[in-house]
Amino acid sequence: QVQLVESGGGLVQPGGSLRLSCAASGFTLAYYAVGWFRQAPGEEREGVSCIGVSDDSTYYLESVQGRFTISRDSAKNTVYLQMNSLKPEDTGVYYCATPVGRIPTARDMCVMSIGDYWGKGTLVTVSS
């Protein structure tokens, strides 16, 4: 059974850090592009960071550049999102996704929210 499971969310103060994990089962995540998306209350989902498959190229939403880092651990079949210097506006439910049937660029995946399999999300709350 193909499954993506996010973890690592929680409550953190502004300026703090969290590392989100996206663990895959039922398929090999290293063969596919993977993206992190978030949705804040009352807002549309947006692509935060994506990593490509052919050259591990990456894309970051402008507001998180320099603060977030996406990475893969193929041995663990997991993709991570390291989030530093968190701000209240980073609050939201974070989802990981992968476009199993397509091979988009990292940028296209994030900008167009391309994904065939999605996790159920993990909540990140940045508040003092």
Side-chain angles (χ1 to χ4, degrees):
Q1 180 181 2
V2 174
Q3 194 173 15
L4 292 173
V5 178
E6 304 95 336
S7 62
L11 173 63
V12 63
Q13 292 186 343
S17 297
L18 285 173
R19 187 178 77 159
L20 305 184
S21 299
C22 173
S25 59
F27 70 108
T28 302
L29 203 54
Y31 296 156
Y32 303 99
V34 179
W36 283 98
F37 301 81
R38 70 186 178 194
Q39 187 165 21
E43 297 187 14
E44 293 187 357
R45 184 177 63 202
E46 62 182 352
V48 175
S49 181
C50 295
I51 185 166
V53 61
S54 59
D55 59 358
D56 271 356
S57 59
T58 56
Y59 169 87
Y60 295 94
L61 185 67
E62 186 175 353
S63 63
V64 309
Q65 285 182 355
R67 299 187 297 122
F68 290 11
T69 303
I70 191 170
S71 63
R72 293 180 183 271
D73 186 334
S74 297
K76 295 183 178 180
N77 211 22
T78 299
V79 168
Y80 301 101
L81 184 68
Q82 177 67 44
M83 306 188 297
N84 299 327
S85 302
L86 283 161
K87 304 176 180 180
E89 51 263 42
D90 294 319
T91 294
V93 179
Y94 284 68
Y95 303 89
C96 66
T98 185
V100 174
R102 292 163 281 183
I103 309 177
T105 64
R107 181 185 183 282
D108 283 352
M109 183 179 178
C110 265
V111 172
M112 293 187 281
S113 287
I114 297 174
D116 296 314
Y117 293 109
W118 292 80
K120 295 183 178 181
T122 185
L123 177 63
V124 172
T125 304
V126 185
S127 175
S128 55

Self-check item: Which residues share a salt bridge (charged side-chain N to carboxylate O under 4.0 Å, His left out) with E46, sequence neighbours left out
Solution: R38
Practice problem: Report yes if some heavy atom in the side chain of V79 is under 4.5 Å from a heavy atom in the side chain of C96; otherwise report no. | Solution: no
Quiz prompt | For Y95, ring-ring contact (aromatic ring centres under 6.0 Å, His included) partners two or more places apart | solution = none
Extract all donor-acceptor atom pairs below 3.5 Å that involve side chains of residues 22-36 and protein atoms in other chains or at least two apart in sequence.
none

Practice problem: Could you tell me the separation between the CG atom of L86 and the OG atom of S127, rounded to the nearest 0.5 Å? | Solution: 12.0 Å
Quiz item: Among all residues two or more places apart in sequence or in another chain, which pass the side-chain contact (heavy atoms from CB on, under 4.5 Å) test with K120?
Solution: none
Quiz item: To the nearest 0.5 Å, how far apart are OG1 in T78 and CG in L4?
Solution: 10.0 Å
Self-check item: All pairs passing salt bridge (Lys or Arg N to Asp or Glu O under 4.0 Å) where residues 105-116 contributes a residue, at least two apart
Solution: R102-D116
Quiz item: In chain order, what residues pass the side-chain hydrogen bond (donor to acceptor under 3.5 Å, both in side chains) check against S57, with sequence neighbours excluded?
Solution: D55
Quiz prompt | Residues that R19 engages under side-chain hydrogen bond (donor to acceptor under 3.5 Å, both in side chains), provided they are two or more places apart | solution = none
Practice problem: Would you indicate whether the side-chain heavy atoms of S17 and V12 approach each other to under 4.5 Å? | Solution: no
Self-check item: Residue E44 excluded, over 12 heavy atoms near CD under 6.0 Å
Solution: no
Exercise. Go through E89 and S63 one step at a time and tell me if the side-chain contact (heavy atoms from CB on, under 4.5 Å) criterion holds.
Key: CA-CA 10 Å; E89 51 263 42; S63 63; over 6 Å; no
Self-check item: Results of side-chain hydrogen bond (donor to acceptor under 3.5 Å, both in side chains) for Q82 - residues two or more places apart only
Solution: N84
Quiz prompt | Within one Ile-Leu-Val-Met-Phe-Trp-Tyr cluster: L81 and V126, side-chain cutoff 4.5 Å | solution = yes
Quiz item: Mind checking whether L61 and Y94 sit in one hydrophobic cluster, side chains of I, L, V, M, F, W, Y counted as touching below 4.5 Å?
Solution: yes
Quiz item: Linking I/L/V/M/F/W/Y whenever their side-chain heavy atoms sit closer than 4.5 Å, directly or via other members, would M109 and M112 fall into one cluster?
Solution: yes
Quiz item: Got E6 and L20 here, is their nearest side-chain heavy-atom distance under 4.5 Å?
Solution: no
Quiz item: Listed by chain and number, what are the side-chain contact (heavy atoms from CB on, under 4.5 Å) partners of I103, not counting sequence neighbours?
Solution: V53
Self-check item: Considering all heavy atoms, the nearest L18-G8 contact
Solution: CD2-O, 3.7 Å
Quiz item: If every non-hydrogen atom of G52 is compared with every non-hydrogen atom of A106, which pair is closest and at what distance?
Solution: N-CB, 3.8 Å
Quiz item: Taking only residues at least two apart or on different chains, which pairs with a member in residues 63-83 satisfy salt bridge (Lys or Arg N to Asp or Glu O under 4.0 Å)?
Solution: D56-R72, R67-D90
Practice problem: Would you list the pairs meeting ring-ring contact (aromatic ring centres under 6.0 Å, His included) in which at least one residue belongs to residues 46-87, sequence neighbours left out? | Solution: none
Self-check item: Residue pairs involving residues 101-120 (criterion ring-ring contact (aromatic ring centres under 6.0 Å, His included); sequence neighbours excluded)
Solution: F37-W118
